[in-house]
Amino acid sequence: MKFFKLKILFILLFGFQCYSLLSQQLTPPIHNYSSTTYEAASQNWDIDVDEEGVIYAANNQGLLSFDGQTWELSSLPNGSIIRSVFVYEDKIFTGSYKEFGYWKKDDTGELFYTSLIPKLGKYAMQSEEFWEILEFNGDIYFRSFGAIYKYDNKTIKPIQNIVSNKMLVYRDKLLFAVRKNGIHFLDENNELQNLPNQEILNDEVIVDMAIQGENLIIGTREKLFKYNATGCKLLKDTKLMNELESSELNHIMTLDNQRILLGTVKNGIINYDEATQSYTIFNRNSGLQNNTVLGFVEKHGNIWLGLDNGIDRIEIDSPVEFYTDDTGELGAVYDLVFYNDKMFLASNTGVYTFNNNQLEIIKGAEGHTWNLEILNDTLYVNHNTGTYYLIQDRLMPVETSTGSFKISAVPYSRNDYLISSYTGIRNFSRKDDSIYNLDSLNFPVKNVVFENETSLWAAHPYEGLYRVGLKNNFKETQFIDKIKIPDGGNRINTNVFVINNQIAVFNGDQWFKYNSFKDSLFVFEELQAFRKHKMLLKDAGSYWFSHTENNSLKLTNFDDENIVIAPGNLNNRLVKNYEEILKNGDSLYYIALNDGFARLDLARYVKNLDDVHISTPTVKGFLNINGRHSLENNPEIPYKSSRDLNIYTSFPVSEAMGLRYRLRGEDTLSGEVKNGVINLQNLNHGNYELQLLAVGPQAKLAKKNSFNFSIQPPWYLSNLMKLVYMFIILSLVVLVYWYNQLKLRKHQRVLEEKFEKEHQERLNNLEKERLKNQINLKRKELANTTMVAAKKNEMLMEIQNELNKDKSSFPNQFKMKHILNKINRAIKNKNEWQVFETNFNELHQDFFKDILDSYPHLTSKDLKLCSYLKMNLTSKEIAPLMGISVRGVEVHRYRLRKKMDLDKKENLTNFLIKNF
């Protein structure tokens with residue numbers, strides 16, 4: 001073809017050129033903890049680990065500990081450098097210059113140091129530093145370069161003054177590597193005895209020893225020996241010996257019956273396989289911070305290294321291995337493929353090959369590269385400057401008018417490809433090397449997915465999705481429809497896929513599928529369990545997904561297979577929003593990282609899932625604003641100091657994906673533990689249970705631990721105050737009862753008084769009525785008596801008048817006169833007046849007194865007239881009573897008015913009745 005001939009000519013003219021960047025092997029995960037991370041000195045002379053997995057390092061500034069969450073530094077009282085550390089039961093023994101002792105946590109979880117030097121008594125210690133500590137038969141032994149000391153939990157005593165480099169318990173014997181004098185052991189009398197069959201070690205300076213089954217591995221600076229019951233022999237591996245000669249052995253650890261881990265002074269760690277006589281080296285070039293290994297310890301497959309500069313951790317048997325470019329030349333990897341027995345990497349700095357642990361950049365491929373695609377046995381490259389293909393290790397241009405994201409084969413044509421570029425879609429015909437621009441589609445397209453023979457879906461990097469209709473062999477557009485994401489979904493980084501022959505759309509959070517009948521997107525119900533999971537790769541009947549928030553990977557067949565690769569397994573190094581995974585072989589997967597790539601052996605990973613270690617989370621400190629609290633019993637926190645609680649957790653390094661907490665009690669809270677601290681604020685008083693939940697690598701709860709505490713009620717709700725409140729309430733009840741009783745009695749008294757008053761009033765009314773009736777009766781009696789007296793006097797006066805008329809005709813004048821006198825005396829009878837006066841006074845008390853007080857000049861006759869007038873008698877009725885005529889009564893009344901000085905208009909009778 002003409003186009004390809006021109007490209008071959010271009011190669012012949014300019015030639016092939018490539019250059020090497022770096023040669024580096026794949027390494028297991030290596031985690032670095034620098035001095036700025038743990039905030040202590042750089043040098044760490046020794047390192048050990050307890051049963052829970054907490055790391056302790058002998059640091060230049062003190063005892064350094066790491067519980068998987070936080071680093072803590074505990075300094076010696078004299079501030080001395082710690083040279084050795086050994087964990088035994090609940091104590092951490094340390095040795096330094098002329099000092100050794102142990103650290104132990106108090107009931108609050110804080111480490112405190114106890115020096116054992118005072119137990120030496122008067123023994124004069126020389127200028128000694130203690131470089132090693134171990135346990136033998138329950139006793140603790142401290143080794144300096146000049147002596148051995150024994151601590152039996154009660155006393156300290158020196159047992160040998162020898163120059164030794166190493167001590168070790170082997171076959172129930174405590175061995176010592178005596179400088180240039182082989183290996184010795186302590187007998188029952190604490191005397192040194194020579195280990196048999198070790199003549200080969202004479203004049204050798206032993207630096208370390210380790211146990212491998214029944215064998216004892218012995219190391220000098222440049223050699224390795226193996227000792228057992230048959231004797232001692234040199235390990236004859238010339239290549240390894242040459243390596244040790246240049247690296248200088250410092251420490252030995254056996255991993256199993258055939259692997260030995262060698263820590264060196266100059267070249268990091270040598271992982272030696274005795275069966276194959278091969279080894280790998282992990283040094284600064286592989287990811288260590290420093291090549292000088294001062295101490296190491298193994299726990300749950302992790303090798304912890306105390307370095308001359310920092311602390312490192314190697315997951316020595318991890319099914320994940322890494323290629324890391326520490327130089328920064330490679331940059332972030334966006335895609336990777338295997339082509340012509342080579343691995344090709346597309347990064348933000350260009351296209352590279354990786355072959356035989358050699359990384360090389362392809363000349364002319366410099367610059368940001370988005371995608372690598374193998375189509376019809378040709379490797380195509382989507383580059384920031386255009387679209388290229390590889391021929392004889394050199395990139396040749398397909399078109400360079402603009403940058404491109406991806407190239408896709410048209411499934412309905414053998415020779416047509418579609419290029420998703422910065423400015424739209426281009427049709428590239430492999431048959432005649434022609435390029436056609438789809439002019440009406442002039443916006444950036446990240447990638448395309450074919451729906452059928454006449455339509456496709458185009459993903460815009462920033463503005464969502466478009467559905468495009470095509471004709472004329474995908475060279476012209478029929479329609480371009482903007483697709484609306486339901487519920488206002490995110491448009492940026494929207495991706496489109498074909499899953500089970502359905503158009504599936506993922507917008508970073510939710511999955512949707514296209515309904516062609518309704519021409520719109522709906523929630524993909526079958527993928528609801530995969531929210532926040534973006535699809536990366538279809539792998540036979542399974543699919544790989546990446547979590548958009550925590551960057552974990554998941555392999556699933558949507559049924560019983562669900563394998564999670566925790567972000568920690570990949571050192572949290574995935575390229576965010578551009579995750580990429582490549583399968584190569586039955587079980588090997590290559591994963592693009594932001595500074596290289598990882599290789600995952602899925603079969604080994606799945607096999608190891610049954611043996612995954614998840615550490616148990618614990619509470620190591622409980623603090624409020626006033627300080628620490630005891631952890632032995634459920635702490636009770638005063639309400640006043642419980643407004644801000646900090647709970648420090650210990651969660652040693654393991655395969656866990658994370659640590660969560662759940663608080664149950666008066667308040668219910670849950671969340672993720674970050675930096676080892678749970679901060680609880682403004683809790684209500686009451687009892688609480690804090691559950692620490694360790695999440696396993698398959699996102700399932702693996703370990704759980706509980707911690708109980710309580711917050712005392714505020715002072716106004718304390719038990720004492722409750723008694724006070726009860727007393728007050730009872731007092732109030734009594735007071736209310738007493739008050740009600742008083743009120744009741746008062747009310748009863750009022751009622752009684754009211755009843756008494758009403759009763760008295762009734763009695764008074766009755767008495768008044770009786771008196772009134774009596775008065776009325778007396779009045780009537782008085783009136784009747786008066787009227788009778790008046791009638792009697794009137795009749796007597798009429799008789800007197802009749803007699804006076806016939807007085808001369810009466811024969812006996814004397815008798816006549818006597819009769820008239822009797823009649824006259826009867827008319828003016830004083831007894832009758834006295835009776836009247838008495839009865840009148842009973843009806844009208846003080847009448848005469850009152851009227852005399854007002855008118856003292858009245859005569860008895862005037863008073864008599866006044867009394868008759870008071871009784872409302874007429875003059876005609878009065879006249880007989882007074883024994884005078886009616887005329888005489890009128891005259892008397894007139895005179896009385898004068899004496900009283902009454903107005904003419906004033907009625908005398910009314911005046912007397914009214915005023916007296």
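This is a predicted model, so every value here is computed, not measured.
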key: Nearest heavy atoms of Leu234 and Leu224, plus distance in Å   = CD1-O, 3.1 Å

inquiry  = Quick check against the 3.5 Å criterion: does Arg143 have a side-chain atom that pairs as donor or acceptor with the backbone of Asn165?
reply    = yes

message = Regarding Gln289 and Asn309, do their side chains bring together a donor and an acceptor under 3.5 Å, going by distance alone?
response = no

query = Do side-chain atoms of Asn242 reach the backbone of Thr238 as a donor and acceptor pair under 3.5 angstrom?
reply = yes

remark   = Looking only at heavy atoms, the pair that brings Gly138 and Asn153 closest together is O-ND2, 3.7 Å

ask   = Out of curiosity, Leu240 CG to Leu244 CG, how far, rounded to the nearest 0.5 Å?
value = 4.5 Å

message = For Ile260 and Leu255: C-alpha separation, side-chain torsions, deciding distance, then whether side-chain contact (heavy atoms from CB on, under 4.5 Å) applies.
response = CA-CA 6 Å; Ile260 304 173; Leu255 296 178; over 6 Å; no

message = Run Arg259 and Asp317 through side-chain contact (heavy atoms from CB on, under 4.5 Å) and show every step you take.
response = CA-CA 12 Å; Arg259 287 187 302 163; Asp317 292 321; 2.8 Å; yes

request  = Measure from the ring center of Tyr170 to the ring center of Phe185 and say whether it is less than 6.0 Å.
outcome  = no

message = Go through it in stages, so that I can follow the logic: the residues are Tyr141 and Tyr151, the test is ring pair (Phe, Tyr, Trp, His ring centres under 6.0 Å), and I'd like the CA-CA distance, side-chain angles, deciding distance and then a yes or no.
response = CA-CA 6 Å; Tyr141 290 80; Tyr151 172 55; over 10 Å; no

key: Taking every non-hydrogen atom, the tightest pair across Ala41 and Asn60   = CB-CB, 3.4 Å

ask   = What do you reckon, are the aromatic ring centroids of Phe86 and Phe142 less than 6.0 Å apart?
value = no

request  = Without swapping roles, check the side chain of Gln212 against the backbone of Asp256 for a donor-acceptor pair under 3.5 Å.
outcome  = yes

message = I'd like to know if the side chain of Ser115 and the backbone of Ile117 have a donor-acceptor N/O pair within less than 3.5 Å.
response = yes

query = Between Arg221 (side chain) and Leu249 (backbone), is there a donor-acceptor pair under 3.5 Å?
reply = yes

query = Would you say the side chains of Tyr113 and Glu99 form a donor-acceptor pair under 3.5 Å?
reply = yes

Met253 vs Ile303 side-chain heavy atoms within contact, under 4.5 Å = yes

task = Could you tell me whether the side chain of Tyr590 reaches within less than 4.5 Å of the side chain of Tyr323, counting heavy atoms only?
result = no

inquiry  = Assess the residue pair Lys105 and Asp90 against the criterion (salt bridge (charged side-chain N to carboxylate O under 4.0 Å, His left out)); give the C-alpha distance rounded to whole Å, side-chain angles, the decisive distance to 0.1 Å, and a yes or no.
reply    = CA-CA 8 Å; Lys105 291 182 178 179; Asp90 61 344; over 6 Å; no

query = Quick one: does Ile565's side chain get under 4.5 Å of Tyr605's, heavy atoms only?
reply = yes

ask   = Can you check whether Asp139's main-chain N or O pairs, donor with acceptor, with Asn137's side chain at less than 3.5 Å?
value = no

ask   = Should the pair Lys239 and Tyr279 be classed as cation-pi, given the thresholds of under 6.0 Å to the six-membered ring centre and 45° from the axis?
value = yes

ask   = Under 3.5 Å, side chain of Arg604 to main-chain N/O of Ser318, donor-acceptor pair present?
value = yes

ask   = Are Asn271 and Leu261 side-chain neighbours, meaning at least one heavy-atom pair lies under 4.5 Å?
value = yes

query = Of the options Glu128, Glu129, Glu132, which is the one that meets Arg83 in a salt bridge (charged side-chain N to carboxylate O under 4.0 Å, His left out)?
reply = Glu129

query = Please walk me through it: do Asp308 and Asn290 pass side chain to side chain donor-acceptor pair (under 3.5 Å)?
reply = CA-CA 7 Å; Asp308 195 59; Asn290 185 264; 4.6 Å; no

query = Between Asn32 and Asp312, do the side chains contain an N or O donor and an N or O acceptor separated by less than 3.5 Å?
reply = yes

task = Check whether more than 12 heavy atoms from other residues, nucleotides or ligands sit under 6.0 Å from atom CD of Glu248, and answer yes or no.
result = yes

inquiry  = Looking at Asn202, I'd like to know if its CG atom is crowded, meaning that more than 12 non-hydrogen atoms belonging to other residues, nucleotides or ligands lie closer than 6.0 Å.
reply    = yes

task = Identify the two heavy atoms, one from Pro617 and one from Asn705, that lie closest to each other, and give their separation to 0.1 Å.
result = O-ND2, 2.8 Å

inquiry  = For Lys223 and Glu204: C-alpha separation, side-chain torsions, deciding distance, then whether salt bridge (charged side-chain N to carboxylate O under 4.0 Å, His left out) applies.
reply    = CA-CA 9 Å; Lys223 303 174 185 177; Glu204 296 286 352; 3.2 Å; yes

ask   = Nearest 0.5 Å, what's the CZ-CG distance between Phe338 and Leu588?
value = 8.0 Å

note = When rounded to the nearest 0.5 Å, the distance separating CG of Leu64 from CD1 of Ile47 is 8.5 Å

ask   = Does some side-chain heavy atom of Asn569 sit less than 4.5 Å from a side-chain heavy atom of Leu600?
value = no

Close side-chain approach of Leu186 and Ile159, heavy atoms under 4.5 Å = yes

task = Might you work through the side-chain contact (heavy atoms from CB on, under 4.5 Å) test for Ile206 and Ile183, ending with a clear yes or no?
result = CA-CA 9 Å; Ile206 299 171; Ile183 301 174; 3.6 Å; yes

query = Rounded to the nearest 0.5 Å, how far does CG of Leu235 lie from CD1 of Ile217?
reply = 6.0 Å

request  = Classify the side-chain pair Asn190/Gln160 by whether it contains a donor and acceptor separated by less than 3.5 Å.
outcome  = no

ask   = Donor-acceptor pair, Asp273 side chain versus Gln277 backbone, under 3.5 Å?
value = no

query = Roughly how far apart are Asn340 CG and Lys342 NZ, rounded to 0.5 Å?
reply = 8.0 Å

task = Given salt bridge (charged side-chain N to carboxylate O under 4.0 Å, His left out), test Lys180 with Asp203 step by step and report yes or no.
result = CA-CA 4 Å; Lys180 291 190 177 182; Asp203 297 327; over 6 Å; no

message = If you define the side chain from C-beta out and look only at heavy atoms, does anything of Tyr56 sit under 4.5 Å from Val54?
response = yes

query = Could you state the interatomic distance from CG (Asp341) to CG (Asn355), rounded to the nearest 0.5 Å?
reply = 8.0 Å

message = Side chains of Thr70 and Lys620: any donor to acceptor distance under 3.5 Å?
response = yes

message = If I compare all heavy atoms of Gly219 with all of Ile252, which pair ends up nearest, and what's the gap?
response = N-CD1, 3.4 Å

inquiry  = Is it true that Gln198 and Asn194 share a donor-acceptor pair across their side chains at a distance under 3.5 Å?
reply    = yes

key: Check: Arg284 main-chain N/O paired with Asn291 side-chain donor or acceptor under 3.5 Å   = yes

query = Going through the checks in order, is the ring pair (Phe, Tyr, Trp, His ring centres under 6.0 Å) test met by Phe93 and Phe100?
reply = CA-CA 7 Å; Phe93 292 90; Phe100 54 79; 9.3 Å; no

Pairs involving residues 29-49, ordered by first then second residue, that meet ring-ring contact (aromatic ring centres under 6.0 Å, His included) (sequence neighbours left out) = Tyr33-Phe66, Tyr33-Trp71, Tyr33-Trp304, Tyr38-Trp71, Trp45-Trp131

key: Distance-minimising heavy-atom pair for Val87 and Asp48   = N-OD2, 2.9 Å

query = Between the side chains of Asn228 and Glu214, is a donor N or O closer than 3.5 angstrom to an acceptor N or O?
reply = no

inquiry  = I want to check something: taking the side chain as every heavy atom from C-beta on, are Phe322 and Leu26 in contact at a cut-off of under 4.5 Å?
reply    = no

query = Is the backbone of Gly676 close enough, under 3.5 Å, to the side chain of Gln69 for a donor and an acceptor to pair up by distance?
reply = yes

